Amino acid sequence: MERAFYERHTVTVAQDLIGCLLIRRGFSGLEDIVVRITETEAYRGADDPASHAHRGVTPRNRLMFGQAGHLYVYLSYGMHYCMNIVTEGEGEPGAVLLRGAEVVQGLELVRANRPGVRDAQLLNGPGKLTKGLALDLAYNGYDVCGGFGGGELELLPPPTGMRPLPLKETGRIGISKGQAMPWRFVEG
DNA sequence: TTTAGGATCGACT
DNA sequence: GTCGATCCTAAAC
């Protein structure tokens, strides 16, 4: 998808990402992983007390203020990676946390990344998603619009015929402030 | 330099 | 449903 898709209001992007396909390439000699995004959350700036960007720029969150379409990856609770896609115009902080997905292709590879886990639990959480796709801090700042169809990570619109998707909106998970904002989106 | 707490997960009861 | 693991970040001292 083009950069203009991400250069919009963060909440709108979070809704529109549900149903999109995420392609993970880069396993030499092996097939690509393709997953379908089923759960997202929107995080904004000064108006969002739950956001890392709430108090302005820091070394960690600087990507959230940068160009839309790049990844913002961070370590959560000292042990899990979470992946976000940066939104809004440059200088305006925003990012969408990818919280859940289902495997479309490359099931064996995902299973190998998540040993001992039942298929239904492979990617149903932000830390599980990054582990299943073998993503870590090395991908912080990666441009998902920069691959011209061949990058390690790429997003595609929902396959035609699958829209409109039923969407549920709820408060966000695991935060102590800002729960009132219905900025979590789940398919179903 | 120190310290509190976090956009979580999985094991266990 | 409860709880411990585990370590980085940011802000206070």
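Chain identifiers are assigned alphabetically (A, B, ...) following the order of the sequence lines, protein sequences preceding nucleic acid strands; residue numbering begins at 1 within each chain. Remember, predicted model here, so these are calculated numbers, not experimental data.
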Closest approach of A:Tyr6 to A:Cys145 (non-hydrogen atoms, all atoms of both residues): CE1-SG, 3.6 Å

Euclidean distance, A:Tyr139 OH relative to A:Leu133 CG, rounded to 0.5 Å: 10.0 Å

Spatial distance of atom CG (A:Leu97) from atom NE2 (A:His52) [nearest 0.5 Å]: 9.0 Å

Point-to-point distance, once rounded to the nearest 0.5 Å, from CG of A:Asn113 to NZ of A:Lys131: 8.0 Å

Check residues 173-181 of chain A and write down every donor-acceptor pair under 3.5 Å in which the side-chain atom is one partner and the other belongs to a residue at least two apart or another chain.
| from | atom 1 | to | atom 2 | distance (Å) |
| --- | --- | --- | --- | --- |
| A:Gln179 | NE2 | A:Ile175 | O | 3.2 |
| A:Gln179 | NE2 | A:Ser176 | O | 3.4 |

Please write out the pairs of protein N or O atoms and N or O atoms of nucleotides 10-13 of chain C separated by less than 3.5 Å, giving the distance to one decimal.
| from | atom 1 | to | atom 2 | distance (Å) |
| --- | --- | --- | --- | --- |
| C:dA10 | OP1 | A:Thr58 | OG1 | 2.3 |

Donor-acceptor pair, side chain of A:Arg172 and main chain of A:Ala42, under 3.5 angstrom: yes

Contacting residues from residues 40-50 of chain A, given that a heavy atom lies under 4.0 angstrom of DNA chain B: A:Tyr43, A:Ala50

With a 3.5 Å cut-off and sequence neighbours excluded, list the donor-acceptor pairs that the side chains of residues 80-92 of chain A form with protein atoms.
| from | atom 1 | to | atom 2 | distance (Å) |
| --- | --- | --- | --- | --- |
| A:Asn84 | ND2 | A:Tyr72 | O | 3.1 |
| A:Thr87 | OG1 | A:Thr10 | OG1 | 2.8 |
| A:Thr87 | OG1 | A:Gly94 | O | 3.4 |
| A:Thr87 | OG1 | A:Ala95 | N | 3.4 |
| A:Glu88 | OE2 | A:Thr10 | N | 2.8 |
| A:Glu88 | OE2 | A:Thr10 | OG1 | 2.7 |
| A:Glu88 | OE2 | A:Arg44 | NH1 | 2.9 |

Sugar-phosphate only, base, or nothing, as touched by A:Ile175 at under 4.0 Å among non-hydrogen atoms: sugar-phosphate

Minimum-distance pair of heavy atoms, taken over all atoms of A:Arg3 and A:Gly69: NH1-CA, 4.2 Å

Contact residues, residues 78-96 of chain A to DNA chain B [heavy atom, < 4.0 Å]: A:Gly78, A:His80, A:Asn84

Nearest-0.5 Å distance that lies between atom CG in A:Leu22 and atom CG in A:Leu153: 6.0 Å

Contact summary for A:Leu122 and A:Leu107, nearest pair of heavy atoms: CD1-CD1, 3.7 Å

Approximate separation, where rounding is to 0.5 Å, of A:Asn140 CG and A:Leu75 CG: 11.0 Å

Atom pair distance, as rounded to whole Å: CG in A:Leu75 and P in C:dT9: 7 Å

All salt bridge (Lys or Arg N to Asp or Glu O under 4.0 Å) counterparts of A:Glu31, not counting sequence neighbours: none

Any residue meeting salt bridge (Lys or Arg N to Asp or Glu O under 4.0 Å) with A:Arg55, in chain and number order, not counting sequence neighbours: none

For A:Arg8, all residues meeting salt bridge (Lys or Arg N to Asp or Glu O under 4.0 Å), sequence neighbours excluded: A:Asp16

Within residues 107-144 of chain A, residues whose heavy atoms come under 4.0 Å of DNA chain C: none

Separation between CZ of A:Arg99 and CZ of A:Arg184, rounded to the nearest 0.5 Å: 6.0 Å

Nearest heavy atoms of A:Ser51 and A:Tyr43, plus distance in Å: CA-CD2, 3.9 Å

Range on DNA chain B touched by chain A, heavy atoms, distance below 4.0 Å: B:dG6 to B:dG10

Nonpolar side-chain network containing A:Ile23, other nodes, edges under 4.5 Å: A:Leu21, A:Val34, A:Val104, A:Leu156

Stem segments of DNA chain B by first residue number [Watson-Crick or G-U, under 3.5 Å, at least 3]: B:1-6 with C:7-12, B:8-12 with C:1-5

